[in-house]
There are 2 protein chains.
Amino acid sequence: MTTLKDISQKTGYSITTISRALNGYSDIGTDTIKKVRDVALEMGYIANASARSLKTRKSWTIGVIFDEHSGIGLRHPLFANVLEEFKKAVEYEGYDVLFITRQKGKKPTTSFYNHAIEKSVDGVFVLCTDYQSSEYQELAKSNIPTVVLDHLSNNIYNIASDNRSSIADVINHLKDLGHTKIAHIFGDPLNFAGLKRREHFISSMLLQDLDVRSDFLVEGTTYTTEEGYAAMKVLLSIEDKPTAVFCAGDMLAIGAIRAIEDAGLKCPDDVSVVGFDGIDLGDYITPKLTTVKQKTKSMGRTSADYLINIIDGVIKNVAKTVYIDTELVIKESTKLLNTISVKYK
Amino acid sequence: MTTLKDISQKTGYSITTISRALNGYSDIGTDTIKKVRDVALEMGYIANASARSLKTRKSWTIGVIFDEHSGIGLRHPLFANVLEEFKKAVEYEGYDVLFITRQKGKKPTTSFYNHAIEKSVDGVFVLCTDYQSSEYQELAKSNIPTVVLDHLSNNIYNIASDNRSSIADVINHLKDLGHTKIAHIFGDPLNFAGLKRREHFISSMLLQDLDVRSDFLVEGTTYTTEEGYAAMKVLLSIEDKPTAVFCAGDMLAIGAIRAIEDAGLKCPDDVSVVGFDGIDLGDYITPKLTTVKQKTKSMGRTSADYLINIIDGVIKNVAKTVYIDTELVIKESTKLLNTISVKYK
DNA sequence: TAGTCCTACTTAAACGTTTAAGTTAAAAAC
DNA sequence: GTTTTTAACTTAAACGTTTAAGTAGGACTA
């Protein structure tokens with residue numbers, strides 16, 4: 001491994017001069033700079049990030065917390081998309097991405113905070129974790145620059161999809177199709193997205209003079225197809241059934257469609273279904289899913305921008321939600337009410 | 001931030017004693033150890049990984065190269081699964097995962113090798129990249145402990161799915177169903193997996209005394225649904241059509257099924273389709289995809305095991321392929337030949 | 001001509017660890 | 001009672017950078 005010392009010995013300049021020449025300081029002669037850079041290249045010099053980080057207190061590394069308790073982890077299509085774009089954006093600014101975990105080795109556990117400090121990350125991006133946990137709280141209270149996706153905490157920027165207008169669009173769309181009996185399978189209400197989508201469902205319904213029936217609100221906490229299936233079964237068991245269902249997640253919607261089919265009915269002929277997320281999968285199933293598409297690229301990029309601005313001290317860490325707009329994408333799982341088949345009464 | 005020096009000043013012991021006490025060396029008195037650890041805890045001491053790495057030449061960080069030129073990146077379901085398990089396995093051994101890229105900041109570009117050396121990673125796991133590139137070659141030739149997925153290079157362990165036995169199973173399965181006219185949509189033959197699957201398709205066919213027709217071999221280089229769709233169109237335009245198609249990837253298979261449907265035919269009634277990968281998506285489409293499931297968990301875990309053994313010097317870096325077994329999963333996209341509908345002649 | 005200002009460097013300390021090589025005093029050996 | 005061993009600690013250097021402060025000499029100023 002070549003170090004500054006090696007270049008210093010070879011060229012006769014001091015280590016300081018080598019360092020300053022390589023970093024392009026103005027108090028070094030132009031021919032010295034050229035000489036030093038040539039020798040550095042020739043000797044295959046590569047700066048040591050640990051030494052630099054130790055001295056400068058800047059690691060050029062960003063920690064990512066991706067702690068999916070459901071165990072699906074990186075495979076989660078939505079988060080993976082956001083992370084992908086976030087990664088590209090911070091890399092473009094010169095940062096590397098490091099995963100921060102609670103687990104470190106076989107030992108009991110560290111906390112996110114400890115792990116972040118130990119590795120001297122310049123900032124942290126929280127994609128998902130258990131927000132009630134003390135480990136998360138500890139991190140949130142610290143002064144490590146942090147941006148979090150879809151969760152509002154003290155002192156931390158929250159990057160979230162703007163559910164409001166697109167959910168209004170969903171209700172408008174369904175009303176336009178003649179639906180009035182609209183149900184909602186909602187996500188975990190302890191969770192920012194789950195809570196907000198539910199709130200906006202209710203307010204959008206009322207705004208359109210549609211009744212919000214309590215038996216038409218069913219929980220699908222963990223956003224899985226299984227929960228969507230079970231929730232839809234509950235809805236189908238109601239005497240006066242809904243003709244349309246808005247689901248807080250695409251996987252819930254896919255489960256719901258399965259339940260509809262397993263009950264001998266058809267989507268969208270008997271029940272229209274709308275999802276939320278816009279994952280690729282929705283395009284491959286039959287019928288193709290009408291859904292609210294979250295702009296994952298924009299979410300990743302915006303998260304990166306805010307985090308870097310906080311790191312650079314351009315903006316302060318505050319509890320503020322930055323909304324990313326969403327888009328209703330109409331596909332095949334929603335249909336005009338009056339075409340409903342006779343067997344569905 | 002608390003350092004060893006702070007604890008040293010508070011307790012009166014030397015920095016060395018503090019360090020050795022915290023690291024559990026045997027030449028420190030038991031009550032000293034207790035005292036030091038208590039004070040460390042009380043002062044919120046967290047070891048600085050940069051300083052430690054600088055001195056010990058061990059960063060407890062593993063670099064991951066995930067350089068999907070197709071641009072799909074982290075969203076790729078197969079690689080994401082492998083990475084997820086790899087990550088868990090190395091984290092359990094105390095390592096963190098850092099993404100290694102060619103791009104570093106806005107500047108021209110670094111190489112993977114430079115990036116890995118700069119961040120002093122202890123090893124590198126190559127999930128996917130352009131294996132022909134000089135950047136990859138440079139890394140492969142270096143003596144950085146490296147394990148690569150599905151590609152054979154000099155001096156590097158290759159972790160790959162065992163295509164042989166499962167592809168034989170595929171052919172057996174199709175033959176059992178009465179198929180003899182079997183086509184293959186193959187992946188990039190410059191790529192280890194693409195090449196091997198094609199080879200094993202041919203040898204398995206011959207072993208079963210089935211003819212391998214050259215017009216039944218169509219390329220689907222980049223494994224996308226679009227390529228599968230196009231390749232299937234070519235196959236359907238042949239006078240004496242195949243009754244079954246084995247695709248080198250699930251996305252190819254999904255595209256192929258679409259082409260079949262768009263041609264007014266049905267899968268599996270008119271053409272049976274078999275995929276390769278076992279991605280979740282295959283279970284959500286209609287018909288559910290018969291496919292060869294790659295054991296992504298096992299691949300991730302095995303890659304981690306080998307890499308750590310190389311890092312620890314337990315085994316040497318050599319050009320050797322470690323095969324992970326695969327499994328034929330029969331679902332709905334394959335069917336008995338004699339049930340084929342009349343319109344398909 | 002003396003003073004000031006540049007330019008192009010160097011010295012030395014520091015960042016927070018680890019570790020080889022001591023040191024000291026008490027205990028054990030003979 | 002002297003020597004040897006051991007336990008429990010310390011000193012000082014090192015890892016590879018960056019950086020505040022300094023220096024030497026030439027050029028400009030007045």
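Heavy-atom basis, side chains included; hydrogens, waters and symmetry copies ignored. As the structure is a computational prediction, the values presented were derived from the model and not from experiment.
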So, does [X] get its side chain near the phosphate of [N], meaning an N or O under 4.0 Å from OP1 or OP2?
X: B/Thr3; N: C/dG16; answer: no
X: B/Tyr25; N: C/dT19; answer: yes
X: B/Thr32; N: D/dA8; answer: no

From [atom1] of [X] over to [atom2] of [N], roughly how many Å is that when rounded to an integer?
X: A/Asn48; N: D/dG16; atom1: CG; atom2: C1'; result: 6 Å
X: B/Arg57; N: D/dA14; atom1: CZ; atom2: P; result: 14 Å
X: B/Arg52; N: C/dT18; atom1: CZ; atom2: P; result: 5 Å
X: B/Lys5; N: D/dT11; atom1: NZ; atom2: P; result: 14 Å
X: B/Leu4; N: D/dC15; atom1: CG; atom2: P; result: 19 Å
X: B/Lys58; N: C/dT19; atom1: NZ; atom2: P; result: 13 Å
X: A/Asp27; N: D/dG25; atom1: CG; atom2: P; result: 18 Å
X: B/Arg20; N: D/dT10; atom1: CZ; atom2: P; result: 12 Å

Problem set entry | Rounded distance [0.5 Å steps], NZ in A/Lys316 versus CG in A/Asn143 |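 One gets 9.0 Å once the value is rounded to the nearest 0.5 Å.
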Answer with base, sugar-phosphate or nothing: what part of the nucleic acid does [X] contact at a heavy-atom distance below 4.0 Å?
X: A/Thr17; answer: base
X: B/Ile46; answer: sugar-phosphate
X: B/Ser53; answer: nothing
X: B/Thr56; answer: sugar-phosphate
X: A/Ser19; answer: base

Problem set entry | A/Ser19 and A/Thr16: CA distance, side-chain angles, deciding distance, side-chain hydrogen bond (donor to acceptor under 3.5 Å, both in side chains) verdict | CA-CA 5 Å; A/Ser19 171; A/Thr16 300; over 6 Å; no
Problem set entry | Quiz item: B/Lys55 side-chain donor-acceptor pair to C/dT17 base, under 3.5 Å |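 By the distance-only test, no, there is no pair.
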For this session: Kindly say whether, by distance alone, the side chain of B/Thr16 makes a donor-acceptor pair under 3.5 Å with the base of D/dT11?
Result: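 Pair found.
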For this session: With DNA chain D as reference, determine whether B/Thr30 or B/Ala51 sits nearer its 5' end, using the nearest nucleotide of each.
Result: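 In this pair, the answer is B/Thr30.
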For this session: Identify, between A/Ser50 and B/Tyr13, the residue whose nearest nucleotide on DNA chain D lies closer to the 5' end.
Result: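 Between the two, 5'-proximity favours B/Tyr13.
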For this session: Would you please classify the geometry between the B/Phe125 ring and the B/Phe86 ring as parallel, tilted or perpendicular, with 30° and 60° separating the classes?
Result: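 Ring orientation, 0 to 90° scale: parallel.
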Problem set entry | B/Glu84 and B/Lys297 ion-paired at < 4.0 Å |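 Answer for the salt bridge query: no.
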Problem set entry | Atom of A/Tyr131, atom of A/Gln137 and distance for their closest heavy-atom approach |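 That closest heavy-atom pairing would be O-NE2, 2.9 Å.
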